[in-house]
Amino acid sequence: MIFSNTLIYWYLQNNRELPWRKTKNPYFIWLSEIMLQQTRVAQGLSYYQKFTTDFPTVFNLANADESTVLKMWQGLGYYSRARNLHFSAKQIANELNGEFPSTYKEIIKLKGIGDYTASAIASICFNEPTAVLDGNVYRVLSRYYGIDTPINSSAGIKEFKTLAQSLIDETQPGTYNQAIMDFGALHCKPQNPLCETCPFSDSCVAFEKKLTKELPVKEKKIKVRKRYFNFLVIKTDNDTTILSERKGKGIWQGLYQFPLIESNKVINKDELILSEEFINLFPLETTISLFNPKEIVHKLSHQHLYTQFWIVETANSAETTIKWSEIEKYPVPILIANFLEAFQAEK
DNA sequence: AACCCGTGGGG
DNA sequence: TCCCCAAGGGT
(Lines give C-alpha, C1' and ligand atoms only; values in the text may rest on other atoms or scores of the structure.)
Protein backbone atom coordinates (compact mmCIF):
# COMPACT_ATOMS: atom_id res chain seq x y z
CA MET A 1 0.00 0.00 0.00
CA ILE A 2 1.07 3.57 -0.63
CA PHE A 3 2.79 5.26 2.35
CA SER A 4 0.21 8.03 2.61
CA ASN A 5 -2.72 5.63 2.44
CA THR A 6 -1.37 3.50 5.29
CA LEU A 7 -0.77 6.63 7.30
CA ILE A 8 -4.23 8.07 6.73
CA TYR A 9 -5.83 4.71 7.47
CA TRP A 10 -3.96 4.65 10.79
CA TYR A 11 -5.02 8.23 11.46
CA LEU A 12 -8.70 7.60 10.86
CA GLN A 13 -8.61 5.00 13.61
CA ASN A 14 -6.24 6.63 16.08
CA ASN A 15 -6.37 10.40 15.77
CA ARG A 16 -6.83 12.59 18.81
CA GLU A 17 -9.87 14.75 19.19
CA LEU A 18 -8.44 18.22 19.53
CA PRO A 19 -10.38 21.49 19.53
CA TRP A 20 -8.56 22.97 16.54
CA ARG A 21 -9.51 19.94 14.48
CA LYS A 22 -13.15 20.97 14.55
CA THR A 23 -12.51 24.06 12.44
CA LYS A 24 -10.84 25.22 9.25
CA ASN A 25 -10.95 28.85 10.27
CA PRO A 26 -7.38 29.92 9.43
CA TYR A 27 -7.29 32.30 12.37
CA PHE A 28 -7.91 29.47 14.82
CA ILE A 29 -5.57 27.09 13.02
CA TRP A 30 -2.91 29.81 13.07
CA LEU A 31 -3.34 30.28 16.83
CA SER A 32 -3.00 26.56 17.46
CA GLU A 33 0.04 26.16 15.22
CA ILE A 34 1.94 29.02 16.85
CA MET A 35 1.13 27.74 20.33
CA LEU A 36 2.24 24.23 19.49
CA GLN A 37 5.65 25.23 18.15
CA GLN A 38 8.14 23.35 20.33
CA THR A 39 5.28 22.78 22.75
CA ARG A 40 3.32 19.70 23.73
CA VAL A 41 -0.40 19.51 23.08
CA ALA A 42 -1.07 19.07 26.79
CA GLN A 43 0.74 22.29 27.59
CA GLY A 44 -0.86 24.36 24.84
CA LEU A 45 -4.48 23.25 25.19
CA SER A 46 -5.63 25.65 27.91
CA TYR A 47 -3.93 28.56 26.17
CA TYR A 48 -5.81 27.77 22.98
CA GLN A 49 -9.10 27.76 24.89
CA LYS A 50 -8.26 31.07 26.55
CA PHE A 51 -7.20 32.84 23.36
CA THR A 52 -10.13 31.66 21.25
CA THR A 53 -12.55 32.64 24.02
CA ASP A 54 -11.12 36.09 24.76
CA PHE A 55 -10.16 36.82 21.15
CA PRO A 56 -12.78 35.14 18.94
CA THR A 57 -11.62 37.06 15.86
CA VAL A 58 -8.33 38.42 14.60
CA PHE A 59 -9.69 41.93 15.25
CA ASN A 60 -10.04 41.22 18.97
CA LEU A 61 -6.44 40.05 19.09
CA ALA A 62 -5.24 43.00 17.04
CA ASN A 63 -6.97 45.49 19.31
CA ALA A 64 -5.47 44.14 22.52
CA ASP A 65 -2.41 45.65 24.17
CA GLU A 66 0.79 43.71 23.68
CA SER A 67 1.15 43.43 27.43
CA THR A 68 -2.30 41.84 27.65
CA VAL A 69 -1.33 39.29 25.01
CA LEU A 70 1.92 38.53 26.82
CA LYS A 71 0.04 38.12 30.10
CA MET A 72 -2.20 35.53 28.45
CA TRP A 73 0.87 33.84 27.03
CA GLN A 74 2.58 33.78 30.45
CA GLY A 75 3.94 30.33 31.24
CA LEU A 76 3.95 29.08 27.66
CA GLY A 77 7.49 30.24 26.92
CA TYR A 78 9.18 31.48 23.76
CA TYR A 79 7.50 34.83 24.14
CA SER A 80 8.55 36.13 20.74
CA ARG A 81 5.77 33.87 19.45
CA ALA A 82 3.23 36.03 21.27
CA ARG A 83 4.79 39.28 20.13
CA ASN A 84 4.95 38.12 16.51
CA LEU A 85 1.41 36.74 16.72
CA HIS A 86 0.16 40.10 17.88
CA PHE A 87 2.18 41.96 15.25
CA SER A 88 0.76 39.81 12.46
CA ALA A 89 -2.77 40.07 13.85
CA LYS A 90 -2.57 43.84 13.57
CA GLN A 91 -1.27 43.50 10.03
CA ILE A 92 -4.08 41.14 9.03
CA ALA A 93 -6.70 43.34 10.67
CA ASN A 94 -5.45 46.66 9.37
CA GLU A 95 -3.92 45.89 5.99
CA LEU A 96 -5.78 42.77 4.87
CA ASN A 97 -9.26 43.68 6.09
CA GLY A 98 -9.09 40.82 8.56
CA GLU A 99 -8.77 38.26 5.80
CA PHE A 100 -6.12 35.61 6.38
CA PRO A 101 -3.84 35.06 3.36
CA SER A 102 -4.79 31.88 1.52
CA THR A 103 -1.62 30.57 -0.12
CA TYR A 104 1.67 29.22 1.26
CA LYS A 105 3.52 31.98 -0.55
CA GLU A 106 1.50 34.73 1.12
CA ILE A 107 1.15 33.05 4.50
CA ILE A 108 4.90 32.61 5.00
CA LYS A 109 5.38 36.37 4.64
CA LEU A 110 3.78 36.89 8.04
CA LYS A 111 6.12 37.44 10.96
CA GLY A 112 6.37 34.37 13.18
CA ILE A 113 5.37 32.00 10.39
CA GLY A 114 8.06 29.84 8.80
CA ASP A 115 8.03 26.86 6.47
CA TYR A 116 6.32 24.51 8.90
CA THR A 117 3.49 26.80 9.95
CA ALA A 118 2.83 28.10 6.44
CA SER A 119 2.64 24.52 5.17
CA ALA A 120 0.31 23.49 7.97
CA ILE A 121 -2.13 26.37 7.50
CA ALA A 122 -2.06 26.19 3.69
CA SER A 123 -2.78 22.47 3.68
CA ILE A 124 -5.32 22.32 6.50
CA CYS A 125 -7.30 25.45 5.65
CA PHE A 126 -6.83 25.85 1.91
CA ASN A 127 -6.10 22.32 0.69
CA GLU A 128 -2.73 23.28 -0.75
CA PRO A 129 -0.40 20.26 -0.99
CA THR A 130 2.51 21.62 1.03
CA ALA A 131 4.20 19.04 3.26
CA VAL A 132 4.98 19.90 6.87
CA LEU A 133 8.37 19.15 8.33
CA ASP A 134 8.42 19.04 12.12
CA GLY A 135 10.06 16.89 14.76
CA ASN A 136 7.54 14.12 14.21
CA VAL A 137 8.01 14.04 10.44
CA TYR A 138 11.79 13.94 10.76
CA ARG A 139 11.52 10.99 13.12
CA VAL A 140 9.01 8.98 11.09
CA LEU A 141 10.78 9.48 7.78
CA SER A 142 14.31 8.99 9.10
CA ARG A 143 13.28 5.69 10.64
CA TYR A 144 11.10 4.39 7.86
CA TYR A 145 13.67 5.17 5.16
CA GLY A 146 16.73 4.63 7.36
CA ILE A 147 18.11 8.10 6.68
CA ASP A 148 20.96 9.16 8.97
CA THR A 149 21.55 12.62 7.57
CA PRO A 150 21.46 14.96 10.60
CA ILE A 151 18.04 16.54 10.71
CA ASN A 152 19.41 19.86 11.89
CA SER A 153 21.95 20.22 9.09
CA SER A 154 21.11 22.25 6.01
CA ALA A 155 21.60 19.14 3.86
CA GLY A 156 19.22 17.21 6.11
CA ILE A 157 16.53 19.85 6.00
CA LYS A 158 16.64 19.89 2.19
CA GLU A 159 16.65 16.12 1.90
CA PHE A 160 13.73 15.60 4.27
CA LYS A 161 11.73 18.46 2.80
CA THR A 162 12.00 16.96 -0.68
CA LEU A 163 11.11 13.51 0.60
CA ALA A 164 8.16 14.77 2.63
CA GLN A 165 6.83 16.72 -0.33
CA SER A 166 7.04 13.61 -2.53
CA LEU A 167 4.92 11.59 -0.12
CA ILE A 168 2.02 13.95 0.47
CA ASP A 169 -1.49 12.91 -0.53
CA GLU A 170 -2.45 15.76 -2.84
CA THR A 171 -6.16 15.01 -2.56
CA GLN A 172 -6.18 15.52 1.22
CA PRO A 173 -2.96 17.30 2.19
CA GLY A 174 -4.28 18.63 5.49
CA THR A 175 -5.34 15.21 6.69
CA TYR A 176 -2.06 13.69 5.50
CA ASN A 177 0.01 16.30 7.35
CA GLN A 178 -1.89 15.85 10.58
CA ALA A 179 -1.73 12.08 10.16
CA ILE A 180 2.05 11.91 9.94
CA MET A 181 2.41 14.24 12.93
CA ASP A 182 -0.04 12.32 15.08
CA PHE A 183 1.59 9.06 14.05
CA GLY A 184 4.95 10.43 15.16
CA ALA A 185 3.56 11.77 18.42
CA LEU A 186 1.54 8.71 19.41
CA HIS A 187 3.07 5.68 17.68
CA CYS A 188 6.54 6.32 16.26
CA LYS A 189 7.54 8.01 19.51
CA PRO A 190 11.07 9.20 20.39
CA GLN A 191 11.34 6.63 23.19
CA ASN A 192 9.71 3.23 23.20
CA PRO A 193 8.04 3.42 19.79
CA LEU A 194 5.26 0.87 19.28
CA CYS A 195 7.06 -1.13 16.58
CA GLU A 196 5.30 -4.39 17.47
CA THR A 197 1.94 -3.03 16.42
CA CYS A 198 3.17 -0.73 13.67
CA PRO A 199 1.44 -0.76 10.26
CA PHE A 200 4.83 -0.06 8.69
CA SER A 201 6.79 -2.82 10.45
CA ASP A 202 7.11 -4.92 7.28
CA SER A 203 8.88 -2.16 5.38
CA CYS A 204 10.51 0.10 7.98
CA VAL A 205 14.28 0.21 7.49
CA ALA A 206 15.04 1.17 11.08
CA PHE A 207 12.91 -1.67 12.43
CA GLU A 208 14.51 -4.20 10.12
CA LYS A 209 18.06 -3.09 10.97
CA LYS A 210 17.34 -2.37 14.66
CA LEU A 211 18.27 1.26 14.23
CA THR A 212 15.15 2.74 15.75
CA LYS A 213 17.00 4.08 18.76
CA GLU A 214 19.71 5.64 16.60
CA LEU A 215 17.35 7.59 14.40
CA PRO A 216 16.84 10.41 13.77
CA VAL A 217 20.41 11.73 13.96
CA LYS A 218 20.83 15.17 15.42
CA GLU A 219 24.05 17.18 15.26
CA LYS A 220 25.77 18.91 18.15
CA LYS A 221 24.32 19.77 21.52
CA ILE A 222 23.62 23.24 22.75
CA LYS A 223 25.88 24.73 25.37
CA VAL A 224 24.34 26.18 28.48
CA ARG A 225 25.39 29.47 29.99
CA LYS A 226 25.30 29.90 33.77
CA ARG A 227 24.05 33.21 35.13
CA TYR A 228 23.55 34.52 38.64
CA PHE A 229 20.47 36.65 39.24
CA ASN A 230 19.70 38.75 42.31
CA PHE A 231 16.19 40.15 42.24
CA LEU A 232 15.48 43.02 44.62
CA VAL A 233 11.94 42.76 45.89
CA ILE A 234 11.12 46.12 47.37
CA LYS A 235 8.67 46.58 50.22
CA THR A 236 7.69 50.13 51.11
CA ASP A 237 5.47 51.58 53.81
CA ASN A 238 2.71 52.27 51.32
CA ASP A 239 2.62 48.80 49.73
CA THR A 240 4.43 49.58 46.53
CA THR A 241 7.33 47.92 44.75
CA ILE A 242 9.36 48.30 41.58
CA LEU A 243 8.69 46.26 38.50
CA SER A 244 10.17 47.13 35.11
CA GLU A 245 9.92 45.84 31.59
CA ARG A 246 12.75 43.85 30.07
CA LYS A 247 13.86 45.60 26.91
CA GLY A 248 16.39 44.66 24.30
CA LYS A 249 17.26 41.35 22.77
CA GLY A 250 17.73 38.68 25.41
CA ILE A 251 15.39 36.47 27.34
CA TRP A 252 11.89 37.48 28.43
CA GLN A 253 11.63 40.51 26.18
CA GLY A 254 8.51 42.50 27.03
CA LEU A 255 7.99 40.76 30.36
CA TYR A 256 8.38 42.44 33.74
CA GLN A 257 10.77 41.80 36.59
CA PHE A 258 12.04 43.20 39.87
CA PRO A 259 15.23 45.28 39.77
CA LEU A 260 17.98 42.84 38.87
CA ILE A 261 21.61 42.75 39.87
CA GLU A 262 23.54 40.13 37.98
CA SER A 263 26.73 38.73 39.50
CA ASN A 264 29.34 36.24 38.38
CA LYS A 265 28.64 33.81 41.25
CA VAL A 266 26.20 33.22 44.06
CA ILE A 267 26.76 36.14 46.43
CA ASN A 268 25.92 36.83 50.08
CA LYS A 269 24.28 39.84 51.66
CA ASP A 270 27.50 41.77 52.23
CA GLU A 271 28.64 41.32 48.68
CA LEU A 272 25.23 42.48 47.46
CA ILE A 273 25.13 45.58 49.64
CA LEU A 274 28.64 46.62 48.68
CA SER A 275 28.03 46.33 44.96
CA GLU A 276 27.95 49.54 43.00
CA GLU A 277 24.60 48.74 41.45
CA PHE A 278 22.98 48.25 44.82
CA ILE A 279 24.34 51.51 46.20
CA ASN A 280 23.07 53.33 43.14
CA LEU A 281 19.62 51.85 43.59
CA PHE A 282 19.42 52.35 47.36
CA PRO A 283 21.63 55.13 48.65
CA LEU A 284 19.53 55.31 51.82
CA GLU A 285 19.31 52.81 54.64
CA THR A 286 17.51 49.56 53.95
CA THR A 287 16.73 46.27 55.64
CA ILE A 288 17.58 43.24 53.58
CA SER A 289 16.85 39.55 53.90
CA LEU A 290 17.23 36.61 51.57
CA PHE A 291 13.87 35.02 50.76
CA ASN A 292 15.05 31.69 49.42
CA PRO A 293 17.81 30.14 51.55
CA LYS A 294 19.00 27.96 48.68
CA GLU A 295 19.36 29.55 45.26
CA ILE A 296 16.67 28.63 42.74
CA VAL A 297 18.01 27.09 39.56
CA HIS A 298 15.76 28.09 36.73
CA LYS A 299 16.57 26.24 33.53
CA LEU A 300 16.05 27.75 30.11
CA SER A 301 17.03 26.07 26.88
CA HIS A 302 20.38 27.91 26.74
CA GLN A 303 20.86 29.26 30.24
CA HIS A 304 20.76 28.13 33.85
CA LEU A 305 19.77 30.96 36.15
CA TYR A 306 20.98 30.70 39.74
CA THR A 307 18.54 33.01 41.39
CA GLN A 308 18.18 34.72 44.75
CA PHE A 309 15.26 36.92 45.77
CA TRP A 310 16.22 39.65 48.22
CA ILE A 311 13.52 41.36 50.25
CA VAL A 312 14.43 45.03 50.58
CA GLU A 313 12.50 47.16 53.05
CA THR A 314 12.91 50.83 52.46
CA ALA A 315 11.08 54.07 53.13
CA ASN A 316 11.87 55.86 49.91
CA SER A 317 9.78 55.05 46.88
CA ALA A 318 11.25 55.59 43.44
CA GLU A 319 9.29 56.92 40.48
CA THR A 320 8.58 53.64 38.81
CA THR A 321 6.72 52.02 41.66
CA ILE A 322 3.61 49.94 41.27
CA LYS A 323 1.11 48.78 43.86
CA TRP A 324 1.44 45.26 45.16
CA SER A 325 -2.29 44.81 44.65
CA GLU A 326 -1.85 45.30 40.90
CA ILE A 327 1.17 43.13 40.39
CA GLU A 328 -0.73 40.25 38.86
CA LYS A 329 -1.69 42.39 35.88
CA TYR A 330 1.87 42.36 34.61
CA PRO A 331 3.26 39.58 32.43
CA VAL A 332 6.20 37.99 34.23
CA PRO A 333 8.51 35.03 33.62
CA ILE A 334 7.42 31.85 35.37
CA LEU A 335 10.44 32.19 37.67
CA ILE A 336 8.96 35.39 39.07
CA ALA A 337 5.39 34.11 39.05
CA ASN A 338 6.51 31.19 41.19
CA PHE A 339 8.28 33.50 43.60
CA LEU A 340 5.21 35.74 43.88
CA GLU A 341 3.04 32.76 44.71
CA ALA A 342 5.36 31.67 47.52
CA PHE A 343 5.84 35.21 48.75
CA GLN A 344 2.14 36.09 48.86
CA ALA A 345 1.36 32.79 50.58
CA GLU A 346 3.80 33.64 53.35
CA LYS A 347 2.37 37.06 54.02
C1' DA B 1 25.37 28.82 9.52
C1' DA B 2 25.26 28.90 14.20
C1' DC B 3 23.11 30.62 17.89
C1' DC B 4 19.32 32.21 20.60
C1' DC B 5 14.60 31.98 22.49
C1' DG B 6 10.92 28.93 27.75
C1' DT B 7 8.74 25.68 30.01
C1' DG B 8 7.41 21.13 31.33
C1' DG B 9 7.27 16.04 31.10
C1' DG B 10 9.53 11.64 31.08
C1' DG B 11 13.29 8.23 31.34
C1' DT C 1 23.47 22.10 38.44
C1' DC C 2 21.25 14.60 34.05
C1' DC C 3 19.58 13.69 29.62
C1' DC C 4 16.28 14.29 25.75
C1' DC C 5 12.57 16.40 23.38
C1' DA C 6 8.25 19.05 22.09
C1' DA C 7 2.93 20.83 15.62
C1' DG C 8 9.93 26.13 14.94
C1' DG C 9 11.27 30.83 13.85
C1' DG C 10 14.30 34.88 13.85
C1' DT C 11 18.71 36.77 13.23
Side-chain angles (χ1 to χ4, degrees), chain A residues 15-16 18 20-21 29-48 70 73-85 87-88 107-121 123-124 131-140 150-158 161 164 174 177-186 189-192 213 216 218-228 246 248-255 265-266 294-307 331-338:
Chain A
N15 75 82
R16 293 174 282 187
L18 300 168
W20 45 85
R21 289 190 172 154
I29 299 298
W30 175 45
L31 281 178
S32 73
E33 292 298 345
I34 300 298
M35 286 175 180
L36 292 175
Q37 288 171 3
Q38 297 290 283
T39 306
R40 286 188 170 74
V41 166
Q43 195 186 353
L45 256 180
S46 67
Y47 290 84
Y48 178 81
L70 282 171
W73 200 272
Q74 181 177 308
L76 200 51
Y78 285 148
Y79 297 95
S80 66
R81 292 184 294 173
R83 296 195 307 272
N84 290 335
L85 182 77
F87 180 93
S88 294
I107 295 169
I108 202 170
K109 291 179 182 172
L110 294 170
K111 193 178 280 191
I113 294 187
D115 176 69
Y116 163 78
T117 306
S119 299
I121 297 174
S123 63
I124 294 169
V132 295
L133 202 50
D134 77 329
N136 294 307
V137 179
Y138 281 121
R139 188 167 54 256
V140 172
I151 61 173
N152 54 348
S153 65
S154 50
I157 295 170
K158 270 188 194 171
K161 180 71 184 179
N177 276 335
Q178 297 188 75
I180 193 168
M181 289 191 285
D182 248 21
F183 181 73
L186 301 175
K189 301 179 292 179
Q191 285 99 23
N192 309 316
K213 287 180 79 175
K218 202 181 270 187
E219 239 170 22
K220 59 207 158 210
K221 301 167 190 172
I222 59 175
K223 43 188 167 186
V224 174
R225 176 159 68 124
K226 295 181 179 182
R227 300 176 74 181
Y228 303 87
R246 283 186 71 96
K249 278 204 143 188
I251 57 173
W252 300 331
Q253 188 185 334
L255 276 60
K265 63 179 181 62
V266 176
K294 178 67 180 169
E295 66 269 17
I296 297 164
V297 186
H298 187 75
K299 296 177 178 179
L300 289 71
S301 51
H302 284 68
Q303 301 180 25
H304 288 183
L305 309 177
Y306 296 79
T307 308
V332 296
I334 215 65
L335 171 62
I336 294 196
N338 289 343

**Contacts of A:Y306 that satisfy ring pair (Phe, Tyr, Trp, His ring centres under 6.0 Å) - sequence neighbours left out** = A:Y228
**Prompt:** Looking for any heavy atom pair under 4.0 Å, which part of the strands does A:W20 touch: base, sugar-phosphate only, or nothing?
**Reply:** base
**Request:** Would you classify A:H304 as touching base, sugar-phosphate or nothing, given that sugar-phosphate means primed atoms plus P, OP1 and OP2, and contacts are heavy atoms under 4.0 Å?
**Result:** sugar-phosphate
**Item:** Donor-acceptor under 3.5 Å (A:S88 side chain, A:L85 main chain)
**Value:** no
**Separation of atom CG in A:N152 from atom C1' in B:dC4, rounded to whole Å** = 15 Å
**Item:** Touch class at under 4.0 angstrom, heavy-atom based, for A:I251 against every strand present
**Value:** sugar-phosphate
**Message:** Heavy atoms only, 4.0 Å cut-off, all strands: where does A:Q303 land among base, sugar-phosphate and nothing?
**Reply:** sugar-phosphate
**Request:** Identify whether any heavy atom of A:G75 sits under 4.0 Å from a base atom; if not, whether one sits that close to sugar-phosphate; answer base, sugar-phosphate or nothing.
**Result:** sugar-phosphate
**Distance between C1' atoms of B:dC3 and C:dA7 (Å, rounded)** = 23 Å
**Request:** Scan residues 31-43 of chain A against DNA chain B and write down, sorted by residue number, each residue with any heavy atom closer than 4.0 Å; if none is found, say none.
**Result:** A:Q38, A:T39, A:R40, A:Q43
**Asked** Hey, does A:R16 reach any base, or is it just sugar-phosphate, or nothing, if we go heavy atoms under 4.0 Å?
**Response** base
**Prompt:** Hey, is the side chain of A:W252 poking within less than 4.0 Å of OP1 or OP2 on B:dT7, counting only N and O atoms?
**Reply:** yes
**Request:** Please report, rounded to the nearest Å, how far the P atom of B:dA2 is from the CD atom of A:E219.
**Result:** 7 Å
**Request:** Output all residues satisfying ring pair (Phe, Tyr, Trp, His ring centres under 6.0 Å) with A:F183, sequence neighbours left out; order by chain, then residue number.
**Result:** A:W10, A:H187, A:F200
**Request:** Mind checking A:D115 for me? I need base, sugar-phosphate or nothing, with any heavy atom below 4.0 Å counting as a touch.
**Result:** sugar-phosphate
**Fill in**
On DNA chain B, more 5' by nearest nucleotide between A:Q191 and A:R81 is A:R81
**Prompt:** Using a cut-off of 4.0 Å on non-hydrogen atoms, how would the nucleic acid contact of A:Y306 be classed: base, sugar-phosphate, or nothing?
**Reply:** base
**Prompt:** If you pin A:G135 and A:P216 to their nearest nucleotides in DNA chain C, which one's is more 5'?
**Reply:** A:P216
**Asked** Can you name the residues that form a salt bridge (Lys or Arg N to Asp or Glu O under 4.0 Å) with A:D115, not counting sequence neighbours?
**Response** A:K161
**Sugar-phosphate, base or nothing in reach of A:R21, heavy atoms under 4.0 Å** = base
**Request:** With sequence neighbours excluded, tell me which residues meet ring pair (Phe, Tyr, Trp, His ring centres under 6.0 Å) with A:F87.
**Result:** none
**Prompt:** Using a cut-off of 4.0 Å on non-hydrogen atoms, how would the nucleic acid contact of A:L85 be classed: base, sugar-phosphate, or nothing?
**Reply:** nothing
**Message:** Does A:K111 reach a base, just sugar-phosphate, or nothing at all? Heavy atoms under 4.0 Å.
**Reply:** sugar-phosphate
**Any donor-acceptor pair under 3.5 Å from A:R246 side chain to A:I251 backbone** = yes
**Prompt:** Within the structure shown, what part of the strands sits under 4.0 Å from A:L133 by heavy-atom distance: base, sugar-phosphate, or nothing?
**Reply:** nothing
**Distance between C1' atoms of C:dG9 and B:dA1 (Å, rounded)** = 15 Å
**Item:** Greater than 12 external heavy atoms within 6.0 Å of A:K213's NZ
**Value:** no
**Message:** From CG of A:L70 over to C1' of B:dC5, roughly how many Å is that when rounded to an integer?
**Reply:** 14 Å
**Asked** Of all nucleotides in DNA chain C with an atom under 4.0 Å from a non-hydrogen atom of chain A, which is the first and which the last going 5' to 3'?
**Response** C:dT1 to C:dT11
**Request:** Calculate the interatomic distance between A:I334 atom CD1 and B:dG6 atom P; express it in whole Å.
**Result:** 12 Å
**Asked** What integer number of Å spans the C1' atoms of C:dC4 and B:dG6?
**Response** 16 Å
**Request:** Output all residues satisfying salt bridge (Lys or Arg N to Asp or Glu O under 4.0 Å) with A:K249, sequence neighbours left out; order by chain, then residue number.
**Result:** none
**Item:** Worked check of side chain to side chain contact (heavy atoms under 4.5 Å, CB included) between A:L300 and A:W252
**Value:** CA-CA 11 Å; A:L300 289 71; A:W252 300 331; 4.3 Å; yes
**Request:** Just call it for A:G44: base, sugar-phosphate, or nothing, with non-hydrogen atoms closer than 4.0 Å on any strand.
**Result:** nothing
**Item:** Residue closer to the 5' end of DNA chain B, A:K223 versus A:L335 (nearest nucleotide)
**Value:** A:K223
**Request:** Considering only atom C1', compute the distance from B:dG8 to C:dG10 and round it to an integer number of Å.
**Result:** 23 Å
**Asked** Listed by chain and number, what are the salt bridge (Lys or Arg N to Asp or Glu O under 4.0 Å) partners of A:R21, not counting sequence neighbours?
**Response** A:D182
**Request:** Please assess A:V224 against A:K299 for the test side chain to side chain contact (heavy atoms under 4.5 Å, CB included), listing each intermediate value before the final yes or no.
**Result:** CA-CA 9 Å; A:V224 174; A:K299 296 177 178 179; over 6 Å; no
**Message:** Taking any heavy-atom pair under 4.0 Å as a contact, classify A:S80: base, sugar-phosphate, or nothing.
**Reply:** nothing
**Item:** Residue closer to the 5' end of DNA chain C, A:P190 versus A:K249 (nearest nucleotide)
**Value:** A:P190
**Item:** Between B:dG6 (P) and A:I336 (CD1): distance, integer Å
**Value:** 13 Å
**Item:** Rounded distance (Å) that lies between atom P of B:dG11 and atom CG of A:N192
**Value:** 7 Å
Identify each donor-acceptor pair in which a side-chain atom of residues 29-36 of chain A lies under 3.5 Å from a protein atom, sequence neighbours left out, and give them as a table.
{"unit_1": "A:S32", "atom_1": "OG", "unit_2": "A:I29", "atom_2": "O", "d": "2.8"}
{"unit_1": "A:E33", "atom_1": "OE1", "unit_2": "A:Y116", "atom_2": "OH", "d": "2.6"}

**Prompt:** To the nearest Å, how far apart are A:H298 NE2 and B:dT7 C1'?
**Reply:** 7 Å
**Interatomic distance, A:Y78 OH vs B:dG6 C1' [rounded to whole Å]** = 6 Å
